Amino acid sequence: MKKNYKVSRREFLRMAGLTALTTISGKFISACGPLIQNLGNDELVSPRQPVDLHINLKARTDQTQIFSGQPTNVWRYSAEILSGNSSSTQTIPGSYLGPIFRLNSGQRVKIDFENDLPEETIIHWHGMHVPAEMDGHPKDVIRRGNVFNYEYTISNRAGTYWYHPHPHGRTGPQVYAGLAGLLIVSDEQEQALGLPSGEYDIPLVIQDRTFDQDNQLVYLSNSMMGTMTGFLGNQILVNGFPDYSISVDRRAYRLRILNGSNSRIYKLAWDDGTPLNIIATDGGLLQKPISLPYVTLGPAERVEIWVNFNQWAADAEHHLISLPWAGNSTPGMDGMMGNYFSPIPDGAEFEILRVLIGEKSFPGEVLPDQLSTYSWLDELDSINRKSPRNWEFGMNRMQWTINNRMFEMEQVTKDEIVRKGDQETWIIENRNSGMGMMGGMQMAHPVHIHGLQFQVIERQVEREFEWVWQSVAEGFLDLGWKDTILVMPGERVKVLIRFEDFMGLYLIHCHNLEHEDQGMMRNFLIESI
């Protein structure tokens, strides 16, 4: 196999320590993956270009006050700006979430990532178009005390992206422990629109978690619930806080929403049925705003909502909720861990966010009719596309697989090699066959493709699964640019993807993090023309 990166040393560490129910307390213990390769950062050589922003970013253990009483042990990112604009990072006071990076398209950034955790880790810049050696592949994990030097140019459109760890077999527990943060990109086209900004531009990271009686995070690992369904918590947190509320003026706001949960799917809506005005998805602004009764948001997907709170009365209270849907289910799973740890059922209705509307009114604000000027799908007829490449997400002998294969750290097969400069149609298919005793379970898979944005061409669903599909289909965000797509049971989604700029090893995987950790991930290799 051809390699487009240099490997000067290899070290394989076997990780152990399987538990069915564990608590974060100093060290975070959970189910581990198979062998993990460690490459030091000394193998990576970045082009020497002037740097606009230099940041030291550290992953470390910490405590935070989520509830009254005992503080909660977490893992978190912290940042220090070494050079560049001091407003490039923004912390959420009191939250375990990492700092929000606010960057500009065309900016050259250098990030020195230091691992101060008790185990290996690496950072993936989710949705960002970066060279393969900067993408955060699991082969590049670093041990405690080591530093990985990232350096790349921001080439993405304005949009809401994020960053999180990506060690194989440990992504789920590390994200669950608190390692995640938003990365917000701006550009001139977006700035000219006059969209809500500053305090009227609100990031919202939605996650579900479970806590014990001592306020400590509880992660269900190496259990049927953890490995098959993915982790589901019994409390909903927004920006790291339970029972979250925001106070707003009666004016326009921009809500940037990330589904940061390990596996939970949300069906977002206003409690009174007011339509949602969608202005952006994973890869940035849509051409034009669209109005939907609700939004279906799988793990890792993002949506931006423009909302004018002037439409509601002063001193009113409204709620962003998750509507009921025909959720992922497995017979006998409810209550298997006891009432204390029983999760909110997938597909249940619940409240996410309270909005308290003030008295100040700013009438006359209007959502622009046109948001961006370029859409790749306008060129479909003129694009020379290759025959469809198939990616089948399913199960083999109680193991999650892609094309009947599990993850291998650096291996690619012939049908996983693509050519730089090509445009391809990929068909992503969800076939949950061979479930054995789990035959009553059908799982949705949020599929993420590293390094590139793509566009959705069409969806097809098998007749026997239409009832599940129809419970969420009206909220699919298939317009604009995407890097993660929710594929329902029995569904085939066709996407268009173009391999631009970079060569090397990237990943396609399920972003149900427990599925990913169990091997539902494959490499694809971009080679030269």
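One is the number of the first residue; the rest follow in order along the sequence. Just so you know, these numbers come straight off a predicted model, no measurement behind them.
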Got a second to check how far [X]'s [atom1] is from [Y]'s [atom2], nearest 0.5 Å?
X    : Y    : atom1 : atom2 : result
S372 : K288 : OG    : NZ    : 10.5 Å
I457 : L496 : CD1   : CG    : 4.5 Å
Q235 : D243 : CD    : CG    : 7.5 Å
L371 : L195 : CG    : CG    : 6.5 Å
I55  : L103 : CD1   : CG    : 6.5 Å
L232 : R264 : CG    : CZ    : 4.5 Å

Stepwise side-chain contact (heavy atoms from CB on, under 4.5 Å) test for W306 and E304: CA-CA 7 Å; W306 186 95; E304 295 185 26; over 6 Å; no
Aromatic ring pairing [X]/[Y], orientation class (parallel under 30°, perpendicular over 60°, tilted between):
X    : Y    : result
Y244 : F241 : parallel
F231 : Y219 : parallel
W125 : Y150 : perpendicular
Y163 : F101 : parallel
F393 : H445 : tilted

Okay, side chain of [X], backbone of [Y]: is any donor-acceptor separation there less than 3.5 Å?
X    : Y    : answer
R459 : M488 : no
D187 : E190 : yes
T210 : V218 : no
N403 : E392 : yes
R60  : R76  : no
S105 : R157 : no
K267 : S471 : yes
D271 : H319 : yes
N512 : P299 : no
D517 : T171 : yes

Evaluation steps, side-chain contact (heavy atoms from CB on, under 4.5 Å), between T160 and L258: CA-CA 8 Å; T160 303; L258 161 68; 5.6 Å; no
Examine the side chains of [X] and [Y] and answer whether a donor and an acceptor come within less than 3.5 Å of each other.
X    : Y    : answer
Q174 : E119 : yes
E514 : N262 : yes
S95  : N239 : no
Y96  : T72  : no

Of all heavy-atom pairs between [X] and [Y], which one has the smallest distance, and what is that distance?
X    : Y    : result
H168 : P138 : N-CB, 3.7 Å
L179 : P165 : O-CD, 3.1 Å
M520 : T401 : CE-O, 3.5 Å
P275 : S291 : CB-OG, 3.2 Å
I265 : A444 : CD1-CB, 3.8 Å
N104 : V185 : C-CG1, 4.4 Å

Test side chain to side chain donor-acceptor pair (under 3.5 Å) applied to T121 and N115, step by step: CA-CA 7 Å; T121 192; N115 180 14; 5.8 Å; no
May I ask you to test the [X]-[Y] pair for a side-chain heavy-atom distance under 4.5 Å?
X    : Y    : value
L285 : L193 : yes
I100 : P203 : yes
R209 : Y176 : yes
M395 : Q518 : no
E416 : I508 : no
V493 : L486 : no
I142 : F113 : yes
S342 : N234 : no

Any Lys/Arg nitrogen of [X] or [Y] sitting under 4.0 Å from an Asp/Glu carboxylate oxygen of the other?
X    : Y    : answer
R498 : E424 : no
D415 : R405 : yes
K482 : E301 : yes
D483 : R302 : yes
E410 : K139 : no

Stepwise side-chain contact (heavy atoms from CB on, under 4.5 Å) test for L57 and Y77: CA-CA 7 Å; L57 183 65; Y77 294 121; 4.0 Å; yes
Intermediate values then yes/no, salt bridge (Lys or Arg N to Asp or Glu O under 4.0 Å), E500 and K420: CA-CA 6 Å; E500 298 178 299; K420 178 185 173 184; over 6 Å; no
Partner of R389 under side chain to side chain contact (heavy atoms under 4.5 Å, CB included), chosen from V418, T425, I427: V418
Could you check whether [Y] and [X] have their ring centres less than 6.0 Å apart?
X    : Y    : result
H129 : Y152 : no
W426 : F524 : yes
H509 : H515 : no

Candidate pair H137 and N523, rule side chain to side chain donor-acceptor pair (under 3.5 Å), full reasoning: CA-CA 9 Å; H137 192 284; N523 293 310; 2.7 Å; yes
D62 atom CG: more than 12 heavy-atom contacts under 6.0 Å: yes
Evaluation steps, side-chain contact (heavy atoms from CB on, under 4.5 Å), between D135 and H124: CA-CA 5 Å; D135 186 57; H124 168 54; 3.3 Å; yes
Sequence neighbours excluded - salt bridge (Lys or Arg N to Asp or Glu O under 4.0 Å) pairs with any residue from residues 467-476: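 For residues 467-476, and leaving out neighbouring residues, there are no salt bridge (Lys or Arg N to Asp or Glu O under 4.0 Å) pairs at all.
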